[in-house]
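Numbers for residues simply follow the sequence, beginning at 1. All ligand and atom numbering here is 1-based and tracks the order in the structure. Keep in mind it's a predicted model, so treat the numbers as computed, not measured.
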Amino acid sequence: MGHYGDLQTQIYQDGLRGILPDYPVDFATLEQRAEHALSPSILNYVQGGCGDEHTQRSNVDAFHHWGMVPRMLVDCTTRDLSVDLFGMKLPSPIFMAPIGVNGEMTQDRRGDIAVAKASALTGVPFCASTLSNSPLEEVAKAAGETPGFFQLYTPKNADLAESLIRRAEAAGYKALVITLDTWVTGWRPRDLNSANFPQLRGKVLENYFSDPVFRSLLARPPEEDIAAAVQAWATHFGKVLTWSDIGWFKSITRLPIVLKGICHPDDARKAVDHGIDAIYCSNHGGRQANGGIAAIDMLPDVVKAAGDTPVLFDSGVRSGSDVVKALALGAKAVGIGRPYAYGLAIGGANGAAHVLRSILAEADLLMAVNGYPTIRAVRETGVQRTAE
Ligand code: FNR
């Protein structure tokens, strides 16, 4: 059986025939390429974050103060990166985090479909955002056999929330990811300075515009009065959730429920007490609050508090080594965010797939060199906090 790291051999072999990789394998070059591919408004929206973007930078930098000790004389000729999640065996420990402007990241404005295709190409699950240029049913189909998750921005209108959940169930999504930190948008200077908020320009709202409950709330359909439809979206977006709402979600769906945005151990404990199926430790990539603590530094306490409940993680993951460090700190699965979005911008489905394959290749080779044949071995060896 092949290994993710085989990508490296393939790249060098292709080089012997004068063929260079179509897309870069490192984040810095990837971001530079995306900067040239995207319009200023969408680039600002994707690249930017909250406040002076301190948290966003810390998310990335903090990975550097966690280090791994290599083990020698371990047979690592075969590596197993598979994980069990929600009763499924996933071939790798990564997934694509929900990104609500994927649809705008490709020239044809069907970036959500391209991401789902990248999922089908790689076997890496995609978490589809509520914000999408293509209805969630179409997105699910494009992912083929690869399981996907649906991320919900809970609307204030309970019937609309239920409708979106029912559609996600019917479309075959395997988990419901409820984002907790975004009932209101954080203060994002780059977008504010250019007065640009894509949703208010009628973008990425197809899941609403195609929803029977949403449509029933409108005097005229979106095709006839887009401005009124956008206004209705703004009115209904962003229910302020509290712990008392969890019972409602559990009462209406049998999908595993994942809470995205949990960073405090007490919240992790509460989530477990409420019978949540998984906790998703994330600070939204520093896009929502400029709180100052890197997400990866909050992960260990969340994992400890979560006990046997699986913990998903994202925010600041830029490479395969970051993935392995997050696994070592106890994450069950690791979400890739901006890197795959930049791959999408420069190469559509193939570009995003290349980014995922590169991250997995680096993770696999790190495990090979460091003497960790399995994720269990990664966890057992752990990571050490190094100097700041
Ligand atoms: C996001 N994120 C996000 N999260 C979510 O739950 N629903 C969404 O629609 C979006 N949309 C979105 C748009 C853009 C442009 C970005 C960059 C991010 C947050 C995302 O799921 C993830 O938490 C972050 O991307 C992780 O940070 P990094 O690793 O990308 O820096």
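Residue contact check for ligand 1: Arg318 places a non-hydrogen atom closer than 4.0 Å to it. Remark: distances from the non-hydrogen atoms of Asn59 to ligand 1 are all 4.0 Å or more.
Ion pair Arg269/Asp266 flagged as a salt bridge, since at least one NZ, NE, NH1 or NH2 atom sits closer than 4.0 Å to an Asp/Glu carboxylate oxygen. Comment: Lys332 does not engage Asp84 in a salt bridge, judged by the lack of any side-chain N to carboxylate O separation of less than 4.0 angstrom. Taking the charged nitrogens against the carboxylate oxygens, Asp267 and Lys270 have no contact shorter than 4.0 Å, which rules out a salt bridge. The existence of a salt bridge linking Lys239 and Asp245 is confirmed by a sub-4.0 Å separation between a basic side-chain nitrogen and an acidic carboxylate oxygen.
Judged by the 6.0 Å distance and 45° axis criteria, Arg379 is not positioned over the aromatic ring of Tyr372.
Near Ile99, with a cut-off below 4.0 Å to any heavy atom, the atoms of ligand 1 are 10 (C), 11 (N), 12 (C), 13 (C), 14 (C), 15 (C). Taking every non-hydrogen atom of Val317 and a distance limit under 4.0 Å, the qualifying atoms of ligand 1 come out as 29 (O). Close approach of ligand 1 to Val101 is summarised as follows: ligand atoms under 4.0 Å from at least one heavy atom of the residue are 15 (C). Here is the list of ligand 1 atoms found below 4.0 Å of a heavy atom in Asp314: 21 (O), 22 (C), 23 (O), 26 (C). Of all the atoms in ligand 1, the ones that sit under 4.0 Å from a non-hydrogen atom of Ser129 are 8 (C), 9 (O). For ligand 1, the atoms sitting less than 4.0 Å from at least one non-hydrogen atom of Gly337 are 25 (O), 30 (O), numbered in the order shown with element in parentheses. Close approach of ligand 1 to Arg338 is summarised as follows: ligand atoms under 4.0 Å from at least one heavy atom of the residue are 17 (C), 27 (O), 28 (P), 30 (O), 31 (O). Near Ser315, meaning under 4.0 Å from one of its heavy atoms, ligand 1 places the atoms 26 (C), 27 (O), 29 (O).
The aromatic rings of Tyr173 and Phe150 lie tilted to each other, with the angle between the two planes from 30° to 60°.
Below 3.5 Å of separation, one finds an N or O of Gln151 facing an N or O of ligand 1. Between His284 and ligand 1, an N or O atom pair is found at a separation short of 3.5 Å. At least one N/O-N/O distance between Tyr153 and ligand 1 falls below 3.5 Å. At least one N/O-N/O distance between Gly316 and ligand 1 falls below 3.5 Å. Polar contact check, Gly100 against ligand 1: a nitrogen or oxygen pair lies under 3.5 Å apart.
At distances below 3.5 Å, at least one donor-acceptor pair connects side-chain atoms of Ser194 with backbone N or O atoms of Arg190. For Gln288 (side chain) and Gly186 (main-chain N/O), a donor-acceptor pair under 3.5 Å exists by modelled atom type. For Arg79 (side chain) and Ile375 (main-chain N/O), no donor-acceptor pair under 3.5 Å exists by modelled atom type. The backbone N or O of Val46 lies less than 3.5 Å from a partner atom in the side chain of Arg338, making a donor-acceptor pair.
Looking only at heavy atoms of the protein, atom 27 (O) of ligand 1 is closest to Gly285 CA, 3.0 Å. In terms of protein heavy atoms, atom 4 (N) of ligand 1 is closest to Lys260 NZ, 3.1 Å. With respect to atom 18 (C) of ligand 1, the closest heavy atom belonging to the protein is Arg287 CD, 3.4 Å.
Residue-environment remark: CD (Glu145) stays at or below the threshold of 12 foreign heavy atoms within 6.0 Å.
With a 4.0 Å heavy-atom cut-off, ligand 1 is reached by the backbone of Pro98 and by its side chain too. Of the heavy atoms in Val177, none comes closer than 4.0 Å to ligand 1. Using a 4.0 Å cut-off between heavy atoms, Thr179 contacts ligand 1 through its side chain alone, with no backbone atom that close.
Once rounded to the nearest 0.5 Å, the distance linking CD1 of Ile113 with CG of Asp108 reads 9.5 Å.
Separation of the Phe237 and Tyr153 ring centroids falls under the 6.0 Å cut-off.
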